[in-house]
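This report concerns only the one structure given below.
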Amino acid sequence: MKPEGAVRGTFLKGRQMGLIVQKFGGSSLADPACLRRVAARVLETRRAGHDVVVVVSAMGDTTDALIELAHQVNSSPSDREMDMLMSTGEQVSVAVLSMALHVMGVEAVSLTGAQAGIRTDAAHRKAKILRVNPARIRRHLREGRIVIVAGFQGLTPLDDIATLGRGGSDTTAVALAAALRAERCQIFTDVEGVYSADPRVVPDARKLKEIAYDEMLELASLGARVLMSRSVEFAKKYGVRIEVLSSFVKAPGTLVKEEVADMEDIIVRGISADQDQVKLTIGHVPDRPGMAARIFRELAAANINIDMIVQNTSEQGITDISFTIHRDDQPRAREVLEKAARSLKVRHVNVDQDIAKVSVVGVGMRGHSGVAYRVFHALAENNINILMIATSEIKISVVVRKKLADKAMRVLHETFSLHKAPRRPAVKKGARNARKKS
Ligand code: ADP
Ligand code: ASP
Ligand code: MG
């Protein structure tokens, strides 16, 4: 996975004490009562002596509703117009939150992404933040205001509005925290932190006190939508400490931070599931050098991210290649492949929507063997068939049938006893220090 593209200049390591960036997600802003609660929370932070920059998402399910509206008018709307439309959700939130703060007698000012100095590349609907010019935010802070910034959006080199991909307000918040060198970036959401698995699927999932950037990055990119994965890449790169916590309940959350030696004592930190993938199979591919390169070159040119890839064994010079992509990319991928199929002499392209990817993640896997066996054995014992497998140093992913994904998560959660607080191996202080040095 590539770190956030051409980030330059304005993102510096080191922190400005006292400044906190707080991000509130859609569910924390669902209605006027929620807005007032958020305003009170922001005010509390301000009264504790902090400068506060707030980043907000669209209220409730506004973004979904806007997407649906677009599709009622045009079945394949242009990405530029979609961004123009979707960015309005966050603009409503900043204005009404600012108004809620004004009622409380607080000076607050709302800014769009563009007004906040956020510049992106030109990739509409999945734009990357290239730089932030925080001058205007700083001026408002100096003048004693709480600054409220619309998440999920920025301005392209052509001065068009671009959005950052679903969940993108997390990335806005971390990018601002980096650019402003904030002391901390707090992500307020509808659960109390990062859990060992989605608490809505695994009821005995445990809230984690802390998690390493790399673990969070894997969990997020493998489907745990509590943080957008790009926000974690950013945080890791610029040393931004993220705290994930509830906007409804006052309780300690989860700290996402650099890895420390004893994090490796825990083999599996968490489990996630990605229900948004589809599997494409290209059948009857001539088994010659260069075929895979040609197929994936076409897909790369269409800006389609490929996830897992499996090539079957060749029989009589013919093979199959299967791979997974995000379901939003499916129409474009099909188009590209069907066009390429003719020149590549490939016979057919099959799409399987009935899949989900379940992954176990932990930096401790680096130093422990047998994890893959335990995953496969547990799934087999529970009659869950594995369709694809992928591994990295710190994760094992399997593709299973969609309806079995939740069960697979619960089975694996149980297998690795993730509901229990981890027991550190009994290592004497001196011994642990000695290991750190080695
Ligand atoms: P927001 O609107 O605040 O951005 P999201 O819906 O994007 O909130 O993310 C929060 C949701 O992420 C939770 O409600 C939870 O169901 C889901 N989730 C998935 N995996 C995890 C996990 N490991 N820990 C916590 N929440 C998770
Ligand atoms: N409103 C956008 C979405 O629903 C961005 C966000 O919530 O972070 O994806
Ligand atoms: Mg989110």
Side-chain angles (χ1 to χ4, degrees), residues 22-30 34 38 55-68 82-83 85-94 113 125-127 129 149-154 161-175 186-211 215-232 242 244-249 253-254 256 268-276 328 356 358-362 405-406 409 412-413 418-419:
Q22 299 189 313
K23 178 256 169 179
F24 294 88
S27 49
S28 311
L29 298 158
C34 288
V38 166
V55 173
V56 285
S57 297
M59 292 173 70
D61 296 331
T62 302
T63 309
D64 292 332
L66 291 170
I67 293 171
E68 207 182 309
M82 279 306 287
D83 277 352
L85 178 66
M86 288 193 292
S87 61
T88 61
E90 273 65 15
Q91 205 171 318
V92 170
S93 300
V94 284
R125 300 196 70 171
K126 43 179 156 177
I129 296 178
V149 180
F152 179 53
Q153 54 176 268
I161 297 176
T163 64
L164 309 178
R166 298 306 304 265
S169 300
D170 298 334
T171 305
T172 304
V174 177
Q186 294 182 317
I187 305 282
F188 289 90
T189 185
D190 57 357
V191 288
E192 284 182 32
V194 179
Y195 284 68
S196 51
D198 186 340
R200 296 181 201 287
V201 178
V202 182
D204 60 353
R206 200 174 47 82
K207 182 166 72 179
L208 307 173
K209 269 206 192 80
E210 58 181 24
I211 182 166
E215 291 171 323
M216 192 62 237
L217 196 50
E218 289 283 11
L219 282 178
S221 48
L222 295 167
R225 69 175 193 283
V226 63
L227 283 177
M228 191 202 202
S229 60
R230 213 171 310 137
S231 71
V232 187
I242 302 179
V244 179
L245 61 177
S246 166
S247 61
F248 299 92
V249 183
T254 303
V256 186
V268 173
R269 176 87 52 186
I271 297 177
S272 61
D274 184 347
Q275 308 265 7
D276 288 331
D328 289 352
V358 176
S359 309
V360 300
V361 172
D406 288 358
M409 275 182 98
L412 294 172
H413 199 266
L418 299 188
H419 57 288

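Values reported hereafter were calculated over all heavy atoms of this structure, with side chains retained and with hydrogens, waters and symmetry mates removed. Just follow the structure's listing: the first ligand is 1, and inside any ligand the first atom is 1.
For ligand 1, the polar-atom distance check finds an N/O of G26 within less than 3.5 Å of one of the ligand's N/O atoms. Annotation: K23 places an N or O atom under 3.5 Å from an N or O atom of ligand 1; distance criterion only. Among the atoms of S57, none of the N or O lies under 3.5 angstrom from an N or O of ligand 1. Not one N or O of S28 is nearer than 3.5 Å to an N or O of ligand 1, by distance alone.
With sequence neighbours left out, the side-chain contact (heavy atoms from CB on, under 4.5 Å) criterion links S246 to E192, F248, V249.
Residue-ligand proximity: M86 is placed with every non-hydrogen atom at 4.0 Å or more from ligand 2. Ligand 2 has G167 within reach: a non-hydrogen atom of the residue lies less than 4.0 Å from it. Residue contacts with ligand 2 include G168, since one or more of its heavy atoms lies under 4.0 Å from the ligand.
When T63, T189, L29 are ranked by how near their heavy atoms come to atom 1 (P) of ligand 1, first place goes to T189. In the candidate list S169, S27, S231, A173, S169 is nearest to atom 6 (C) of ligand 2, counting heavy atoms.
Ring geometry for F24 versus F188: interplanar angle under 30°, hence parallel rather than tilted (30 to 60°).
Ligand-side atoms of ligand 1 in range of G25: 1 (P), 2 (O), 3 (O), 4 (O), range being under 4.0 angstrom from any heavy atom.
Contacts of M228 with ligand 2, taken as heavy-atom pairs under 4.0 Å, are absent altogether.
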